[in-house]
Amino acid sequence: MTAETPQSPDQAPDHSAQIARMVQLFETITPQNISRLGEFYDPKARFKDPFNEVVGIPAIGHIFAHMFVQLTQPHFVVTQQVLQGQQCFLTWELRFGFKGFKTSQTQTILGATHLVLNEAGLITLHRDYWDAAEELYEKLPVVGGLMRWLKRRASQ
C-alpha cells in the first residue's frame with residue numbers, strides 16, 4: 001500500500017489492546033504515574049475540554065496534575081467504549097471530593113471523550129465533553145444557586 005492509498009476498514013490497525021491500556025491508565029491515574037502519558041499520546045497531541053485547550057504531552061500532563069491539586073481523590077471510571085478504526089469514544093464518570101466544602105461527599109461528573117489515534121495507536125486528539133454548568137457549577141455554593149435559577153428561567 002502506498003502513502004496515497006487510504007486503508008479500508010478491514011486493513012486498519014487494531015488498536016483495541018492500546019485502548020484497553022489507555023483506559024487502565026485513565027482509571028488509575030495518580031500524580032506519580034502522569035509521566036506515563038507519553039506512552040499513549042503523540043508528542044504534538046491536542047487536548048480540549050470545557051476549560052483547556054493545549055498541545056503537547058507536558059501541557060496535557062499539567063492538566064491532569066492540576067486535577068489532583070484542585071480535587072480530593074479524583075478518579076475516572078470508564079463506563080462504555082466504542083472503537084472504530086482510529087476513532088475511539090469513551091463515556092466516563094469522574095468521582096472526586098471538593099476541597100474546602102462538602103469534603104465528605106463524593107461528587108460525580110458524567111462525561112465523554114473522543115480520541116483520535118495515529119497509525120501507531122498514539123492519541124493525536126483528546127476531546128472531553130461534559131456540561132460544566134450542570135456537572136460542576138451547580139454543585140458549588142453561591143454559584144450553584146445562580147446556575148439553578150438561570151436553568152429554571154431558560155426552561156420557562
Hey, can you pull the donor-acceptor pairs under 3.5 Å for the side chains in residues 20-29, sequence neighbours left out?
unit_1: R21; atom_1: NH1; unit_2: Q18; atom_2: OE1; d: 2.6
unit_1: R21; atom_1: NH2; unit_2: E39; atom_2: OE1; d: 3.3
unit_1: E27; atom_1: OE2; unit_2: V78; atom_2: N; d: 2.8
unit_1: T28; atom_1: OG1; unit_2: Q24; atom_2: O; d: 2.7

Starting from Y129, can I reach F51 by hopping between I/L/V/M/F/W/Y residues whose side chains sit under 4.5 Å apart? no
In terms of hydrophobic clustering (I, L, V, M, F, W, Y; side-chain heavy atoms under 4.5 Å; direct or indirect links), are L71 and I34 co-clustered? yes
Using every non-hydrogen atom in the two residues, find where F68 and F64 come nearest and quote the distance to one decimal. CD1-O, 3.2 Å
Among M67, E93, R95, which residue meets the side chain to side chain contact (heavy atoms under 4.5 Å, CB included) test with F76? M67
Nearest 0.5 Å, please: how far is CG in D14 from CD1 in I19? 10.0 Å
What's the separation between atom OG1 in T30 and atom NE2 in H75, rounded to the nearest 0.5 Å? 13.0 Å
Would you give the length of the straight line joining atom CG of L94 to atom CH2 of W130, rounded to the nearest 0.5 angstrom? 8.0 Å
Roughly how far, to the nearest 0.5 Å, is the CZ atom of R36 from the CD1 atom of I57? 13.0 Å
Evaluate whether atom CZ of R46 has more than 12 neighbouring non-hydrogen atoms of other residues, nucleotides or ligands under 6.0 angstrom away. no
Please name the pair of heavy atoms, one in W92 and one in L90, separated by the smallest distance, quoted to 0.1 Å. CD1-O, 3.9 Å
If hydrophobic clusters are built by linking Ile, Leu, Val, Met, Phe, Trp and Tyr wherever their side-chain heavy atoms come under 4.5 Å apart, do L122 and L117 end up in the same one? no
Do you know which of V82, T79, T113 makes side chain to side chain contact (heavy atoms under 4.5 Å, CB included) with T91? T79
Do the side chains of F40 and L83 join up, straight or via other hydrophobic residues, at under 4.5 Å, putting them in one cluster? yes
Path from Y41 to V116 over hydrophobic side-chain contacts below 4.5 Å: no
Please evaluate residues F47 and I123 with respect to the criterion side-chain contact (heavy atoms from CB on, under 4.5 Å), reporting the C-alpha separation (whole Å), side-chain torsions for both, the decisive distance (0.1 Å), and the verdict. CA-CA 10 Å; F47 177 100; I123 300 167; over 6 Å; no
Ignoring hydrogens and geometry, is there a side-chain-to-backbone donor-acceptor pair from K99 to V69 under 3.5 Å? yes
Using the side chain to side chain contact (heavy atoms under 4.5 Å, CB included) rule, pick out the option among Q86, Q81, Q87, H126 that qualifies with L115. H126
